[in-house]
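Because only heavy atoms are used, hydrogens play no part in the values below, and waters and symmetry mates are left out as well, while side chains stay in. Whatever order the structure lists them in is the order used to number ligands and atoms, beginning at 1. Everything numeric here is computed off the predicted structure, so don't read it as measured data. Along the sequence shown, the residues carry numbers beginning at 1.
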Amino acid sequence: QKGGYRHFMLKEIFEQPRVISDGLTGRMNDDKSMVRLAELDDLPVPKRLHIVACGTSYHSGLWGRLLLEHWARVPVQVEIASEFRYRDTLLLDKDDMVLVISQSGETADTLAALRIAKQNGVTVLGLCNVVGSSIAREASAVLYTQAGPEISVASTKAMCSQMLMLTLMALYWGTRKGCLSVEESRNNLQILENLPALLDGSLPAMHERAKEISRKYAQVNNFFYLGRGHCYPLALEGALKLKELSYIHAEGYAAGEMKHGPIALIDPSFPTFALALDDALLPKVKSNMVEVQARQGQVIALTNKGVELDAEDRWDIPALPGPLSAFLALPALQLFSYETADYLGKDVDQPRNLAKSVTVE
Ligand code: M6R
């Protein structure tokens with residue numbers, strides 16, 4: 001069942017290349033320049049989108065927002081479902097759309113948010129993995145992520161599949177509105193098409209590096225994860241994975257927020273995992289890393305070849321343009337948490353106090 005892997009989580013991390021190729025199947029037009037999402041053809045492009053989700057699915061939403069705003073020019077708000085459901089719904093307008101993201105399709109707070117949106121007469125789109133789940137059934141329209149069953153409590157391939165669908169939605173709405181050129185759409189689809197092979201070829205080395213670095217830091221009690229732009233949601237996800245699996249306290253922060261308080265915590269025993277990918281915000285992240293090191297904090301930098309930076313532990317992964325590099329950074333974060341937890345002897349697939357599907361509030 002585990003296909004020769006020690007845990008379902010490891011198997012599911014290594015399934016991500018397949019998840020991407022499956023997710024792309026049938027989603028491009030004949031000359032591979034534009035996205036096909038027949039599920040959305042009859043719905044207007046939303047004036048505003050409200051993404052509502054929990055946990056890892058919420059992080060996917062935060063990441064997807066940047067692409068939807070950049071390529072499709074749709075203003076997006078991302079909310080935690082348990083907060084959304086108890087707020088006044090002043091922001092919900094009839095021309096808006098609510099996108100609920102849920103791997104299981106059964107998360108109680110996300111389902112409640114869906115019902116509230118529907119009561120307000122707003123179209124609700126579901127992004128789910130489990131076919132026929134409550135959210136999939138109750139949404140006005142549903143997009144399936146087709147990641148296949150995810151057994152490990154920690155969500156891995158589901159996030160990858162959600163990110164892929166959010167990317168496709170941004171490209172689809174962008175070209176439909178005419179704010180994204182067909183050329184740009186084609187270029188990005190080409191990158192996505194090449195991604196399964198690239199990821200497949202990179203995962204073994206990533207796994208080795210995750211093993212090496214996790215051994216060095218497994219005994220610490222605290223970790224910061226820092227990122228900016230599309231790497232900020234990844235920082236949140238990296239921290240969530242580390243705490244949920246290894247029970248090491250970890251906080252994900254927007255790197256620019258450090259000097260507004262959290263940097264006071266930095267000392268030699270409090271390392272930082274910096275997402276320092278080669279993108280427009282890299283210079284800013286590098287200066288945040290220097291600030292951490294000036295307080296004797298150790299830094300692991302997840303970065304790309306050729307990037308000049310100073311870190312106690314450097315971790316190079318292949319580069320991709322812009323936010324699509326997240327598809328390579330995500331498995332590195334997952335593998336680091338996996339290896340840390342396994343090294344510490346934790347129950348990787350069934351972490352304490354957690355359930356795969358949170359069907360109660
Ligand atoms: O099934 P859902 O996507 O609605 O689940 C949401 C969260 O419960 C889930 O992502 C949780 O945070 C994971 N255990 C994280 O690995």
Close aromatic pair by centroid cut-off 6.0 Å: H50 and F84: no

Protein contact to atom 8 (O) of ligand 1 [nearest heavy atom, distance to 0.1 Å]: V358 CG2, 4.0 Å

Pairwise side-chain hydrogen bond (donor to acceptor under 3.5 Å, both in side chains) hits with a residue in residues 58-72, at least two apart: H59-E237, S60-Q162, W63-H230

Minimum-distance protein heavy atom relative to atom 7 (C) of ligand 1: C54 O, 3.8 Å

Where ligand 1 meets A154 - atom numbers and elements under 4.0 angstrom, heavy-atom basis: 16 (O)

Of R48, K47, Q77, the residue whose pairing with D96 passes side-chain hydrogen bond (donor to acceptor under 3.5 Å, both in side chains): R48

Set of residues satisfying ring-ring contact (aromatic ring centres under 6.0 Å, His included) with respect to F223, sequence neighbours excluded: Y217, Y225, F336

Nitrogen or oxygen atoms of Q162 and ligand 1 under 3.5 Å apart: no

Atom indices of ligand 1 within 4.0 angstrom of S102 heavy atoms, with elements: 1 (O), 2 (P), 3 (O), 4 (O)

Atom 5 (O) of ligand 1: the protein heavy-atom neighbour that sits closest, reported with distance to 0.1 Å: T107 OG1, 3.5 Å

K241: numbered ligand 1 atoms lying under 4.0 Å from its heavy atoms: 15 (C), 16 (O)

Check: F224 ring centroid to F273 ring centroid under 6.0 Å: no

Element-labelled atoms of ligand 1 that are located less than 4.0 Å from some non-hydrogen atom of S57: 2 (P), 3 (O), 10 (O)

Which residue and heavy atom of the protein sit nearest atom 16 (O) of ligand 1, plus the separation: E244 OE2, 2.5 Å

Donor-acceptor pair, side chain of K32 and main chain of E193, under 3.5 angstrom: no

G105 N/O under 3.5 Å from ligand 1 N/O: no

S155 neighbourhood, listing ligand 1 atoms whose heavy-atom distance to it stays under 4.0 Å: 15 (C), 16 (O)

Atom 10 (O) of ligand 1: the protein heavy-atom neighbour that sits closest, reported with distance to 0.1 Å: T56 N, 3.1 Å

Same apolar cluster (I L V M F W Y, side chains within < 4.5 Å links), Y144/M159: no

Under-4.0 Å salt bridge between K243 and E251: no

